[in-house]
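One structure is given here, and the rest of the page talks about it.
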2 protein chains.
Amino acid sequence: MKTDQTAQDYLRQVLAGEPDDDCPVRRTLEILNGKWRTHIIYELCKKPFCRFGELKRALPRITSTMLTSTLRDLERLGIVRREQYNEIPPHVEYSLTEKGRALLPVFFEIHRWAQRYLGPEAAGPGPESGD
Amino acid sequence: MKTDQTAQDYLRQVLAGEPDDDCPVRRTLEILNGKWRTHIIYELCKKPFCRFGELKRALPRITSTMLTSTLRDLERLGIVRREQYNEIPPHVEYSLTEKGRALLPVFFEIHRWAQRYLGPEAAGPGPESGD
DNA sequence: CGGTATCCGAGTCGATACTG
DNA sequence: CAGTATCGACTCGGATACCG
């Protein structure tokens, strides 16, 4: 499998002496870490842009506080773009940057691992029809 | 690129209505989440097995408490295997299970993203093109 | 050698109330 | 509509001390 080959290659890099203090994997995990971050990125994947209220409706359990805070974090990290329209009524549009969209392959790889080792059914009623 | 294609495929799954409450990606992220987890998995990748003291030496800043606790968590999650030898002197050997080793492709994909968007050397804002 | 027990500070998450 | 401010519960990680 190609992926395994590349993973082996990566292992070799690790073995070559990559320090763990400035580990890019850990840093990325910390970026993704946070109860709502992936959920919000998910939602923003579905459309070219999304308004605050739309996100709030899509994520019924999130509070305004958390939505704002997470959105700000993601914006600061360069993953989400915020565009404000000061018309009447005012509104804001959130969208994913290229950096944010590039997270999709990562999510996909995680998803594959989860399917295999966490179990497809435990992972929810995904559209695994006949597959 | 093949990976992009599959990621697109995955996006379609998400769009198909995958709920976010039982999201496998989030669950996996929570498994990986923890200051020392990836570091320990890293170390265990380097050798077929590793003793407690070896791990402690490889991760100088970790305390016994955290090492034990993280190892136990990882064991409970089926990622790490613990084998105890009650000889004199007694010792313990830790190793990665297949489930644990299968995390490598995930790490690799995260690593690729980090290289590109976190920058190989610095935490720069990545190659943002007019997207 | 390979841990366990306990305490504590810092950070995360959520509820509530209020605003331009 | 799209937030901000504040407070408290809970969890995580680290320090310290001790054990089979």
Side-chain angles (χ1 to χ4, degrees), chain A residues 20-21 23 25-44 47 49-77 79-95, chain B residues 20-23 26-44 47 49-77 79-95:
Chain A
D20 21 280
D21 253 12
C23 170
V25 173
R26 180 97 281 279
R27 282 170 61 211
T28 303
L29 252 7
E30 266 166 27
I31 288 172
L32 263 20
N33 172 9
K35 183 168 183 182
W36 295 104
R37 293 191 180 186
T38 54
H39 291 308
I40 288 173
I41 296 172
Y42 262 45
E43 291 308 315
L44 291 177
K47 307 169 189 176
F49 60 85
C50 205
R51 293 172 57 166
F52 187 89
E54 278 184 283
L55 283 169
K56 200 146 170 15
R57 247 170 285 125
L59 274 13
R61 303 193 174 288
I62 201 172
T63 59
S64 290
T65 313
M66 279 312 294
L67 184 50
T68 301
S69 156
T70 308
L71 245 11
R72 291 277 190 275
D73 292 342
L74 258 19
E75 196 190 352
R76 186 176 33 79
L77 290 164
I79 287 167
V80 159
R81 182 184 302 110
R82 176 179 188 274
E83 241 147 332
Q84 186 171 343
Y85 297 86
N86 285 324
E87 308 154 0
I88 306 289
H91 71 278
V92 180
E93 279 176 12
Y94 293 96
S95 57
Chain B
D20 21 278
D21 253 12
D22 195 24
C23 170
R26 179 96 282 279
R27 282 170 62 212
T28 304
L29 252 8
E30 266 166 27
I31 288 172
L32 263 19
N33 172 11
K35 183 167 183 182
W36 297 103
R37 294 191 180 186
T38 54
H39 291 307
I40 289 173
I41 296 172
Y42 262 44
E43 291 308 316
L44 291 177
K47 307 169 190 178
F49 59 85
C50 206
R51 292 172 58 167
F52 187 90
E54 279 184 283
L55 283 170
K56 200 146 170 14
R57 247 170 285 125
L59 274 15
R61 303 194 175 286
I62 200 172
T63 59
S64 291
T65 313
M66 279 313 293
L67 184 49
T68 302
S69 156
T70 308
L71 246 10
R72 291 276 190 276
D73 292 342
L74 259 18
E75 196 191 350
R76 186 175 35 79
L77 290 164
I79 287 167
V80 160
R81 183 182 301 113
R82 177 180 188 273
E83 242 147 331
Q84 186 170 342
Y85 297 86
N86 285 325
E87 307 153 5
I88 305 290
H91 71 278
V92 181
E93 280 176 10
Y94 292 97
S95 57

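Chain letters run A, B, ... following the sequence lines, proteins first and then strands; every chain starts at 1. Note: hydrogens, waters and symmetry copies are ignored here, and every other heavy atom, side chains too, is used.
- Evaluation of the salt bridge (Lys or Arg N to Asp or Glu O under 4.0 Å) rule for B:R81 yields no partner, not counting sequence neighbours.
- Taking CZ from B:R72 and CG from B:L74, the interatomic distance works out to 11.5 Å, rounded to the nearest 0.5 Å.
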Practice problem: Step by step, work out the side chain to side chain contact (heavy atoms under 4.5 Å, CB included) result for B:R37 and B:L77. | Solution: CA-CA 11 Å; B:R37 294 191 180 186; B:L77 290 164; 3.7 Å; yes
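- Direction of the helix axis in the helix from C:dC1-D:dG20 to C:dG20-D:dC1 shifts by 50° between the two five-pair termini, rounded to 10°.
- Counting non-hydrogen atoms under 4.0 angstrom, B:Y85 reaches nothing in the nucleic acid.
- At whole-Å resolution of the value, CD1 in A:I88 and P in C:dG20 are 14 Å apart.
- For A:F52, taking side-chain heavy atoms from C-beta onward, the closest of the listed nucleotides C:dG3, D:dG3, C:dG14 is D:dG3.
- When the side-chain nitrogen and oxygen atoms of B:R61 are compared with OP1 and OP2 of D:dA15, none of them lie within a distance under 4.0 Å.
- Residues of residues 65-77 of chain B having a heavy atom closer than 4.0 Å to DNA chain D, listed by number: B:T65, B:M66.
- The side chain of B:K35 places an N or O atom within less than 4.0 Å of a non-bridging phosphate oxygen (OP1 or OP2) of D:dG14.
- Between A:R37 and C:dT12, a side-chain N or O to OP1/OP2 separation shorter than 4.0 Å is absent.
- Residue A:S64 places its side chain closer to D:dG3 than to any other of D:dG3, D:dA15, C:dG2.
- Rounded to an integer number of Å, the gap from A:Q84 CD to D:dT4 C1' is 14 Å.
- Side-chain nitrogen and oxygen atoms of B:Y94 include at least one within less than 4.0 Å of the OP1 or OP2 phosphate oxygen of C:dG3.
- Distances were taken from every side-chain heavy atom of A:R51 (C-beta onward) to each of D:dG3, C:dC1, D:dA2; the shortest belongs to D:dA2.
- A search for side chain to side chain donor-acceptor pair (under 3.5 Å) contacts involving A:E54 returns A:K47, not counting sequence neighbours.
- Proximity of A:W36 to the phosphate of C:dG14: a side-chain N or O atom is located under 4.0 Å from OP1 or OP2.
- Computed from coordinates, the A:F49 CZ to D:dC1 P distance equals 16 Å when rounded to whole Å.
- In this structure, A:L59 atom CG and C:dG14 atom P are separated by 11 Å, rounded to whole Å.
- What separates CG of B:N33 from C1' of C:dG11 is a distance of 12 Å, to the nearest Å.
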May I have the list of side-chain donor-acceptor pairs in residues 85-94 of chain B shorter than 3.5 Å, sequence neighbours left out?
| unit_1 | atom_1 | unit_2 | atom_2 | d |
| --- | --- | --- | --- | --- |
| B:N86 | OD1 | B:Q84 | NE2 | 3.2 |
| B:Y94 | OH | B:R82 | NE | 3.2 |

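- Between the NZ atom of B:K56 and the P atom of C:dC1 there is a distance of 11 Å, given to the nearest Å.
- When side chains are defined from C-beta on, B:F52 counts as touching B:L67, because their heavy atoms get closer than 4.5 Å.
- If you find the closest nucleotide of DNA chain C to A:I62 and to A:P90, the one lying nearer the 5' end belongs to A:I62.
- Shown here for B:L32 and B:T38, the closest heavy-atom pair between the two residues is O-CG2, 4.2 Å.
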Quiz item: Hey, mind stepping through B:L29 and A:N33 against side chain to side chain contact (heavy atoms under 4.5 Å, CB included) and telling me if it holds?
Solution: CA-CA 7 Å; B:L29 252 8; A:N33 172 9; over 6 Å; no
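- With values rounded to the nearest 0.5 angstrom, A:L71 atom CG is found 12.0 Å from A:R76 atom CZ.
- Rounded to an integer number of Å, the gap from CD1 of A:I40 to C1' of D:dG3 is 14 Å.
- A:L55 has its CG atom 12 Å from the C1' atom of D:dA2, to the nearest Å.
- Under the rule for a salt bridge (Lys or Arg N to Asp or Glu O under 4.0 Å), the partners of A:E30 that lie at least two apart in sequence or sit in another chain are A:R26.
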